[in-house]
Every structure is written in C-alpha cells, then in structure tokens.
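What follows is a set of notes on a single structure, which appears directly below.
Note that the coordinates shown come from a computational prediction; the quantities given were computed from them, not determined experimentally. In what follows, residues are counted from 1 in the order of the sequence shown.
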Amino acid sequence: MTGLGPASASASRTNAPSASQQVAPVTGTASDTTASTASASAKEQAPPRGRAAATASPLYRTGTLPTMRCQAGQIRAGSAASYRVFVTKLIRCLNLAWKTQFRKTNLGFSHPKLRFSTTKVNTPCGRWPSSAGGLYCSSNRTIYIAVTREVLKNAQPANHAQFIAHEYGHHVQRLAGIMDYYGRSIWRASSSTKLAFSRRLELQADCLASAFLRQAADDLPVEQAQWEAMVSWVSANGHKNWPKNDHGKGRSQAYWMERGFNAGSPSGCNTWTAPTGRVA
C-alpha cells in the first residue's frame with residue numbers, strides 16, 4: 001500500500017502460490033470500467049470520525065459475514081477474458097457480502113468502481129506502484145486491477161480472490177471512516193509514524209479479505225492445502241515487494257490473514273488496538 005493522505009491509494013500483490021504453484025511479482029495499469037452504486041437509506045448515519053472510527057468501528061460488532069454462493073468461474077492461464085469475467089463476478093460477490101454486513105450498522109454503503117488496467121495510468125491518488133497487481137484509490141472509490149502477462153500466468157482463483165478482496169477491504173475502510181482517520185493521522189507525521197499507520201491499514205485489509213474468503217471458500221473453492229500454502233508463502237515472502245515495510249512483515253501479514261479466515265468476521269480485524277509487535 002502506498003499511503004497518499006486522505007486521497008490514498010493501496011496496492012497489492014497477486015503472487016501468492018497455490019499448493020503447487022508460485023509465480024513472480026506482478027505489475028500493471030489502464031482502461032475499461034464497470035461501476036455500480038447503491039442508494040443510501042434514510043436511516044444511514046455518517047461514519048465515525050477520529051480514532052474511534054478505527055479502534056471502535058461498528059463493523060467489529062456485526063458478526064460473521066454471510067456465507068456466499070460465489071461462483072466466479074475459472075481463470076484460464078493467459079486468458080485476459082476469463083480473468084476479467086472472474087474479477088467482475090467476484091466483485092459482485094464482495095458487493096453483496098459487504099452490503100449485507102453494512103446493513104447491520106447505520107453506516108451508508110456504496111459499490112466501488114472497477115477499472116481494468118493494461119498500461120500504466122496515473123490515478124487521482126498518484127502513480128501506480130511498480131510492484132502492484134492492483135490498487136484502490138479512495139478519492140474516486142475505484143479498484144484498479146492490472147491485466148498483464150505476469151498476472152495472467154497465475155490461474156489459481158483463490159490467489160486472485162484474496163488479492164482482490166484485499167483491495168475491496170480498503171473500500172470498506174473508506175466507507176467506515178477508517179481511511180479518513182488514517183489520512184488525517186499521517187498528515188505532517190514523521191516517516192516512522194506514517195509507516196506504522198500504513199501497516200495497520202494494510203494488515204487490516206489482509207484480515208478483511210480473508211474473512212470474506214472464509215465465507216466464500218466452498219464455491220471459489222479454497223481447499224485447506226491451498227490456504228495453508230498461501231499463508232506459508234506470504235509469511236516467507238509477503239514483505240519482499242515493500243522495502244519500506246509499509247505493508248508489514250511477512251509473518252504479520254500471515255497472522256492477520258489467519259485471524260480473518262478463522263473469524264470469518266470483521267471482529268477479528270481490529271489492527272488499530274493490536275500490540276506493536278503484531279503489526280510490525
């Protein structure tokens with residue numbers, strides 16, 4: 001994730017292996033859009049502001065995410081068309097899951113926009129990080145997904161689902177007011193403080209993604225051996241694309257992935273009150 005203040009961008013990797021496959025880091029960017037929005041209800045309230053938005057979010061009290069029938073289909077290695085279909089269907093599943101979860105609070109919900117990228121593009125949040133397979137820009141509420149040869153080498157749905165759900169997790173943070181708290185906190189902060197806040201933001205997105213993955217595991221599918229291989233790979237390699245340690249060490253990423261998967265709920269994802277050692 002590259003934190004760029006209130007109009008922040010988050011970037012992630014899609015190179016975690018399946019039980020039998022490991023692929024290289026990916027890069028990407030550029031055109032094609034699909035967008036969807038949900039209207040606000042009269043009962044909706046503005047998200048909390050300040051530290052409480054992150055440390056005491058209403059989302060932490062909403063219980064497990066709904067069990068999802070998420071038949072996103074298969075990705076054919078090298079096939080951009082199958083990847084676009086998979087991502088689009090997965091985003092629909094994420095929309096439904098998180099819309100249902102937000103209904104348990106008085107917070108408003110809206111769908112993010114989705115933009116597929118084949119060449120480099122500057123977003124309202126700045127330049128696309130070279131090591132990223134996708135990013136979320138909070139200022140235009142858009143998830144950018146790369147469609148490149150490197151991305152398409154990995155045809156494992158669960159790997160891509162975790163990565164895409166991570167980017168969606170940043171949209172959840174945006175709607176819940178957590179992203180606003182993050183942006184205000186790092187403004188004029190020291191470099192070390194900015195990195196510490198970035199790690200809490202990114203590790204929470206890892207956790208939220210895994211909570212969703214748990215609830216959609218039967219349909220994607222996500223098998224135990226594959227999940228264990230993903231977590232093991234992330235523990236050993238997850239930090240290597242982020243030399244500034246703005247995403248957390250590999251073992252920290254693996255820890256929060258497992259917390260989210262075991263809980264199946266945002267309740268396990270409060271990185272903002274976690275000890276420093278857990279978000280290192």
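- Residues Thr62 and Pro266 have side chains in contact (heavy-atom distance under 4.5 Å, counting atoms from C-beta outward).
- Using a 4.5 Å heavy-atom threshold, the side chains of Leu213 and Leu220 count as touching.
- Lys99 contributes atom NZ, which lies 11.0 Å from atom OG of Ser110 (distance to the nearest 0.5 angstrom).
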Pair Ser252-Arg199, side-chain hydrogen bond (donor to acceptor under 3.5 Å, both in side chains): steps then yes or no: CA-CA 9 Å; Ser252 297; Arg199 290 193 293 271; over 6 Å; no
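- Between Asn122 and Arg127 the shortest heavy-atom distance is OD1-CG, 3.2 Å.
- With hydrogens and angles disregarded, a donor-acceptor distance shorter than 3.5 Å links the side chain of Arg200 to the backbone of Thr271.
- A chain of hydrophobic side-chain contacts below 4.5 Å, direct or via other Ile, Leu, Val, Met, Phe, Trp or Tyr residues, connects Val222 to Met257.
- Between His160 and Val151, the closest heavy-atom pair is CE1-O, 3.6 Å.
- Just one of Ile91, Asn95, Leu94 meets the side chain to side chain contact (heavy atoms under 4.5 Å, CB included) condition when paired with His111; it is Asn95.
- Trp128 places a side-chain N or O within donor-acceptor distance of the main-chain N or O of Ala132, the cut-off being under 3.5 Å.
- Side-chain atoms of Ser138 do not come within 3.5 Å of backbone N or O of Arg141 as any donor-acceptor pair.
- Note that CH2 of Trp98 and CG of Leu208 are 4.5 Å apart. Values are rounded to the nearest 0.5 Å.
- Residue Gln204 forms a side chain to side chain donor-acceptor pair (under 3.5 Å) with just one option from Trp256, Tyr182, Trp272, and that option is Trp272.
- Note: Leu90 CG to Met68 CE = 9.5 Å, rounded to the nearest 0.5 Å.
- In terms of heavy atoms, Cys137 sits closest to Thr123 at SG-OG1, 4.2 Å.
- Distance alone, capped at 3.5 Å, is enough to place a donor-acceptor pair between the Ser185 side chain and the Tyr181 backbone.
- Considering only heavy atoms from C-beta on, Gln215 comes within 4.5 Å of Thr64 through its side chain.
- Each of Tyr144 and Val85 belongs to its own hydrophobic cluster when Ile, Leu, Val, Met, Phe, Trp and Tyr are linked at side-chain heavy-atom distances under 4.5 angstrom.
- Across all their heavy atoms, Ser265 and Ala211 have their closest contact at N-CB, 3.5 Å.
- Distance alone, capped at 3.5 Å, places no donor-acceptor pair between the Arg214 side chain and the Ala263 backbone.
- When side chains are defined from C-beta on, Leu152 counts as touching Val147, because their heavy atoms get closer than 4.5 Å.
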Step by step, would you call Lys113 with Ile143 a side chain to side chain contact (heavy atoms under 4.5 Å, CB included)? CA-CA 6 Å; Lys113 298 175 184 177; Ile143 296 172; over 6 Å; no
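- With contacts defined as side-chain heavy-atom distances shorter than 4.5 Å, the pair Met230/Gln156 does not qualify.
- Atom CD of Glu167 and atom CD of Gln162 lie 11.0 Å apart (nearest 0.5 Å).
- Judged by the 6.0 Å and 45° rule, Arg278 forms a cation-pi pair with Tyr255.
- More than 12 heavy atoms of other residues, nucleotides or ligands sit less than 6.0 Å from atom CG of Asn245.
- Between Tyr136 and His170, the ring-plane angle classifies as parallel under the 30° and 60° cut-offs.
- The shortest non-hydrogen separation linking Arg49 to Asp180 is NH1-OD2, 4.1 Å.
- Side-chain atoms of Asp246 do not come within 3.5 Å of backbone N or O of Leu195 as any donor-acceptor pair.
- Shown here for Ala155 and Ile75, the closest heavy-atom pair between the two residues is CB-O, 3.3 Å.
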Worked check of side chain to side chain contact (heavy atoms under 4.5 Å, CB included) between Leu175 and Leu107: CA-CA 8 Å; Leu175 297 180; Leu107 302 178; over 6 Å; no
Please test Gln101 against Phe109 for side chain to side chain contact (heavy atoms under 4.5 Å, CB included), starting from the C-alpha separation and ending with a verdict. CA-CA 9 Å; Gln101 206 70 5; Phe109 178 80; over 6 Å; no
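- A donor-acceptor pair under 3.5 Å is absent between the side-chain atoms of Ser210 and the main chain of Phe261, judged by distance alone.
- From Phe212, atom CZ reaches atom SG of Cys207 across 14.5 Å, with rounding to the nearest 0.5 Å.
- Centroid-to-centroid, the aromatic rings of His171 and Tyr168 come within less than 6.0 Å.
- Counting only distance, with no hydrogens or angles, the side chain of Thr148 and the backbone of Ala146 share no donor-acceptor pair below 3.5 Å.
- Side-chain atoms of Gln253 come within 3.5 Å of backbone N or O of Gly238 as a donor-acceptor pair.
- With hydrogens and angles disregarded, a donor-acceptor distance shorter than 3.5 Å links the side chain of Thr100 to the backbone of Leu96.
- One distance of note links CG of Leu59 with OG1 of Thr105; it measures 6.0 Å at 0.5 Å rounding.
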Walk me through it: do Gln74 and Phe86 pass the test side chain to side chain contact (heavy atoms under 4.5 Å, CB included)? CA-CA 7 Å; Gln74 296 299 309; Phe86 174 85; over 6 Å; no
